[in-house]
Amino acid sequence: MAEERTPIISGNWKMHKNHFEAIQAVQKLHYRLGEEEQEGVVVTVHPPFTDLRSVQTLIESDRMHIVLGAQNCFYENEGAFTGEVSPAMLAKLDVAYVILGHSERRQDFGETDEMVNRKVKAVLAHQMIPILCCGETLEEREAGQAESKVDTQIRAGLAGLKASQVAGLVIAYEPIWAIGTGRTATSEDAQAMCAHIRSIIADAASADAAAAVRIQYGGSVKPGNIAELMRMPDIDGALVGGASLEPDEFAAIVQFRQH
Ligand code: PGA
């Protein structure tokens, strides 16, 4: 990981934990991390929408360094969109990071690259930071199409953005075959794709944006594999699903420097 980019480790809780459980988990995480151990690492948690207000209040009242994130949002500010949550609503809850285009949203809820691009713009318009997800299926990897799939997703996701906006983003490379399967990409394969993503951004935005953008790896990240992943020059952090649900495990991931 390059020195000038601050590592960012994000916990994607998916559809787990009600607001009572979320409060307990964040309290425990805060206790496990302590302020010193978290130093130099941005830690974000992404609970379900129904937990956000409770977690926001906790983080603020206890002045925690843990940063609040969301897992998705719609691109319109308000209107007749039953069941959707707007970026304005999330910004009002002091949400700082929003995961967008997660493969589960793309595969199970029909999100297209164009929708993801609209969401990226809407989140930026509300001074929040998108965590833009990309990644290939196993079939695509085996067919030698992993790079081109990611290329398409990144270029479409970032279409119409200024280079200065791209510089502030987080990109999460999550090979779909590694999500929730216990099958992590090797650190070399993850590094190769993250370097490829940086070169796409240099081409699509600017060299400065490519040097500044933070790239996470996601897919079965655990305390036992984080240190090796974080040693890779183009991997700046991790998007963690299953292992972020258990505060002890997630804290051990955040404290990767101690491994
Ligand atoms: P996992 O999920 O860590 O459980 O593989 C990662 C993700 O989907 O963001």
Side-chain angles (χ1 to χ4, degrees), residues 7-17 21-22 25 29 41-49 51-52 55 66-73 95-111 116 119-120 123 129-138 140-141 146 149-150 153-154 157 169-187 189-191 193-194 197 214-230 232 235-256 259:
I8 175 164
I9 310 249
S10 302
N12 173 14
W13 291 2
K14 309 192 179 182
M15 200 171 71
H16 295 285
K17 298 189 193 293
E21 294 163 337
L29 178 64
V41 180
V42 176
V43 179
T44 73
V45 291
H46 301 253
F49 287 135
D51 303 352
L52 288 176
V55 176
I66 295 166
V67 179
L68 188 58
Q71 299 174 19
N72 179 31
C73 77
V95 165
Y97 289 85
V98 186
I99 297 169
L100 296 173
H102 190 279
S103 59
E104 286 151 19
R105 303 272 347 145
R106 294 176 189 262
Q107 287 191 324
D108 303 339
F109 301 96
E111 283 195 16
V116 174
K119 292 180 177 201
V120 168
V123 162
I129 300 176
I131 298 180
L132 171 62
C133 300
C134 61
E136 79 286 355
T137 63
L138 188 58
E140 287 162 343
R141 174 153 288 259
K149 167 74 175 293
V150 166
Q153 287 179 323
I154 295 291
L169 292 183
V170 178
I171 308 282
Y173 167 58
E174 299 202 302
I176 295 169
W177 46 271
I179 294 178
T181 57
R183 194 179 155 189
T184 330
T186 63
S187 41
D189 282 350
Q191 160 58 26
M193 188 61 91
C194 292
I197 291 169
R214 290 165 293 171
I215 305 180
Q216 296 176 319
Y217 166 79
S220 298
V221 173
K222 300 275 181 301
N225 57 28
I226 183 71
E228 196 187 331
L229 288 161
M230 292 302 289
M232 297 293 134
I235 298 179
D236 306 313
L239 182 54
V240 186
S244 72
L245 294 173
E246 173 43 57
D248 285 340
E249 224 185 338
F250 191 49
I253 291 172
V254 170
Q255 293 163 343
F256 64 90
H259 298 207

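Just so it is clear, the structure is predicted and the values come from calculations on it, not from any experiment. Both ligands and their constituent atoms are indexed starting at 1 by order of listing. The residues of the chain are indexed from 1 along the displayed sequence.
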Show the nearest heavy-atom pair for residues [X] and [Y], with the distance to one decimal.
X    : Y    : answer
L239 : C133 : CD2-SG, 3.9 Å
F250 : T44  : CZ-O, 4.0 Å
S10  : H46  : CB-NE2, 3.8 Å

- Would you mind checking if K14 and E104 are paired as a salt bridge, meaning a charged N to carboxylate O distance below 4.0 Å?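 Result for this pair is yes, salt bridge flagged.
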- When you check the gap from the basic side-chain N to the acidic O, do R141 and E136 get nearer than 4.0 Å?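 Yes, R141 and E136 are salt-bridged.
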- Show the protein residues that qualify under the rule heavy atom under 4.0 Å from an atom of ligand 1, listing them in chain and number order.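 These residues qualify: N12, K14, H102, E174, A178, I179, G180, G219, S220, L239, V240, G241, G242.
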- Taking the side chain as every heavy atom from C-beta outward, state whether M230 and P7 have any atom pair closer than 4.5 Å.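 Sidechains of P7 and M230: in contact.
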